[in-house]
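Let me begin by presenting the structure, written as structure tokens, before commenting on it.
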Amino acid sequence: MLVADRLHKVVGDGALAVTAVDEVSLQVERGELIAIVGPSGSGKSTLLAMLGALSTPTDGTVRIDGVDLSDLDERGRSELRSRRLGFVLQRPALVPFLTVSENVVLAGQIAGRPKSMASERADQLLTALGLEDRSGHRPAALSGGELQRVALARALLNDPVIVLADEPTANLDAQQGRAVVALLAEHTRGQGRAGVLVTHDESVAAVADRTLRLIDGRLADS
Amino acid sequence: MRLAIRLVWLELRRSPSRLLRSAVTLTVLAALAMVLVSLVDTLDRRSTGVLRAVEADLVVFNVEARQQVLRSRVPRPATIGVGFVDGVHEVGVLSVVPTTVTHEGDQQRAALVGFNARTPAEPVRVLEGRVPTDGEPNIAAIDAALQRTGIEVGDRIILGGSLEVEVVGVVAEAMFLQQPSVWVPPEVWARTGARAFPERGYAEAIVGIGLVEVQVGQNPAEVAPDIVAELAEEDLDVEVVSVREAVASVPGVSAIRATFGGLVVLAIGVVVLVSAGLALLQVDRDRARNAGLRAIGAGTDVLAGALLSRLAVTWALASATGALLATALAAAVPAAVPLAVRPAPLALVAAVLGVAVGAGGAVALHRIRKIDPAEALGESW
């Protein structure tokens, strides 16, 4: 489902150029959740950005369901992200003046789904994630764990084939973190989706089927 | 774009304070620009209203007058000759002299305008009653500015301290050098002028300026040299200019336009800078959120549309509130202050502000296009 082949990424120019990701190849199958771990600055987020069509590699290819991302222009990558990928970000980036439900529906509207269908799906997801009582609240009224569950609901709204999560527990206490990761695992692996979880926390990574360790931009083992 | 507009609408309803700061800032600038433009507009119109009140294509001055209406002296028979120049449709004469108007014991200064009725010198907008025609030396029309001081049709007023006339009509405001005007036949102007300024050569055979209407399809600029040549044959050196040029030559007008015009341009420049600054602040403030939205697939059209919609709302609020403030200020200041608000200058300022806000927003649009969706991730690399 997700195949990365010899991914290479150099950031910066000239003397300031740094190799952030070096010759990384990986594959994630449907129903599989992998974790990418590594210390801060090891290139985890850069790798995730390339896997999620957020940035383009300097060299190497990423294929999602057979589609080579290098064949897509900016618009095509945006459409792919909105319709086939789901993102759970460290900072959920929710719109502060929208309610929880509206924030989730927004992902559907960005993907061009009819609002009524998106609303129905949002209600199902918020209920499934235990947020039905919070759907009318603004993000400022929610706890960190609740915000990440909203982010998960938003990521799942368009029924993505792959869910990519970037440090989803970084701003949460241990209990909330475990709960969020459990839900992430349930709604990716359990729903036949592929999942990629980036974290620096080994205990969070333990929920994944496989763990890839990134050190100085290179995969150490798998 | 619909999604962007909906987002801004919800933001405005639910978090108005997010827009309020920029709206207040722009409102202050809009009100300032509108007051400045209204000031220059009022000063300009109150200086040149007599020339604006008539409908002519060309103005004939004697050369020594240097395009000054008060100083110009043209022999009346010469103006008749202008009527025979090819391309001229009609000629009238108009003359101005400073005078006083006394009504019920109250005396005030005014501009006495001698004119030929039913010629290009007749004021176009008569609001009430009628204007006097040649051979009616005992009646006058006043302009709306003089009417506002309490003089009505049917009242008797004294011109220059000695000539009593009856007011038979009111014309639209037509002030000259900040004075209201009284419109009388040319012979009344000559008599009143001769009595007030015996040394200046007022006579019934002399008029101030000629006002020329050219025939339909004729270019006034091409007719003007023919008029000069025709009068040169009669040993009369004249200068023939457009009404627009004559208006610009009224004493003080160019200084008013240059001074206030500079201030208005400065205010508009400040609006461009402030708009750009506010828009950039908004982009920077929302950068993380916009990167997140871009990561989940929102295109530039949604983010840019939201920014432009937000600026449009801010502009509309600022323009409407600025116009209200300028109107309230104009109503509150004493009548002597030359501040009258007209819709056209306010609309012009609002339109220019819109362009200025758009120019400021364009700077921010460039930055919004540069937002990298990868910024939504936790570390830069």
Side-chain angles (χ1 to χ4, degrees), chain A residues 9-12 18-21 40-46 48-50 52-56 74-75 77-87 89-99 102 106-107 109-112 115 138 151 154-155 157-158 164 166-168 170 198-200 217, chain B residues 1-23 281-307 309-310 313-314 365-366 368-381:
Chain A
K9 180 76 174 182
V10 176
V11 295
V18 175
T19 300
V21 173
S40 181
S42 59
K44 304 187 296 293
S45 293
T46 304
L48 189 73
M50 290 187 286
L54 295 171
S55 70
T56 52
E74 183 55 49
R75 191 182 189 85
R77 286 199 296 273
S78 286
E79 283 183 9
L80 178 92
R81 291 197 299 269
S82 67
R83 292 174 185 172
R84 311 206 67 188
L85 307 182
F87 288 90
L89 305 169
Q90 182 178 334
R91 297 182 299 266
L94 300 175
V95 181
F97 52 83
L98 297 184
T99 64
E102 288 167 341
L106 180 62
Q109 291 176 293
I110 287 172
K115 193 182 170 197
R138 304 268 183 88
R154 187 177 64 179
L157 186 95
N158 295 317
L164 303 113
D166 177 46
E167 302 277 12
V198 161
T199 180
H200 66 277
Chain B
M1 195 65 186
R2 278 179 59 191
L3 179 59
I5 292 172
R6 184 176 144 70
L7 282 174
V8 174
W9 168 242
L10 288 173
E11 181 178 16
L12 187 64
R13 271 180 49 207
R14 295 176 182 176
S15 300
S17 61
R18 284 168 62 88
L19 288 170
L20 204 58
R21 210 170 303 146
S22 48
L281 280 175
Q282 284 182 6
V283 171
D284 284 347
R285 180 192 64 187
D286 297 338
R287 191 176 184 95
R289 192 181 84 204
N290 284 335
L293 289 175
R294 183 159 274 190
I296 65 169
T300 302
D301 56 334
V302 174
L303 304 185
L307 176 73
S309 303
R310 206 178 286 130
V313 168
T314 309
L365 274 184
H366 178 68
I368 222 167
R369 273 198 295 269
K370 293 277 181 189
I371 292 177
D372 183 354
E375 288 177 32
L377 301 181
E379 56 186 321
S380 58
W381 58 276

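Here is how names work: the chains are called A, B, and so on, in the same order as the sequence lines, proteins then strands, and each is numbered from 1.
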[X] versus chain A, heavy atoms under 4.5 Å apart: side chain, backbone, both or neither?
{"X": "B:L3", "value": "side chain"}
{"X": "B:N290", "value": "neither"}
{"X": "B:R294", "value": "both"}

Side-chain contact, heavy-atom cut-off 4.5 Å: [X] with [Y]?
{"X": "A:L98", "Y": "B:L7", "answer": "yes"}
{"X": "B:R14", "Y": "A:T99", "answer": "yes"}
{"X": "A:P96", "Y": "B:R18", "answer": "yes"}
{"X": "B:L293", "Y": "A:L106", "answer": "yes"}

Side chain, backbone, both or neither: which part of [X] has an atom under 4.5 Å from a heavy atom of chain B?
{"X": "A:V95", "result": "both"}
{"X": "A:R154", "result": "side chain"}
{"X": "A:E79", "result": "neither"}

May I ask you to check whether over 12 heavy atoms, not counting those of B:R285, lie within 6.0 Å of atom CZ?
-> yes

Got a second to check how far [X]'s [atom1] is from [Y]'s [atom2], nearest 0.5 Å?
{"X": "A:K115", "Y": "B:R6", "atom1": "NZ", "atom2": "CZ", "answer": "3.5 Å"}
{"X": "B:I296", "Y": "A:R83", "atom1": "CD1", "atom2": "CZ", "answer": "13.5 Å"}
{"X": "B:L377", "Y": "A:E167", "atom1": "CG", "atom2": "CD", "answer": "10.0 Å"}

From the list A:L94, A:L89, A:L80, the residue making the most non-hydrogen contacts under 4.5 Å with chain B is A:L89

Among B:S15, B:G297, B:G292, B:A288, the residue with the most heavy-atom pairs under 4.5 Å to chain A is B:G297

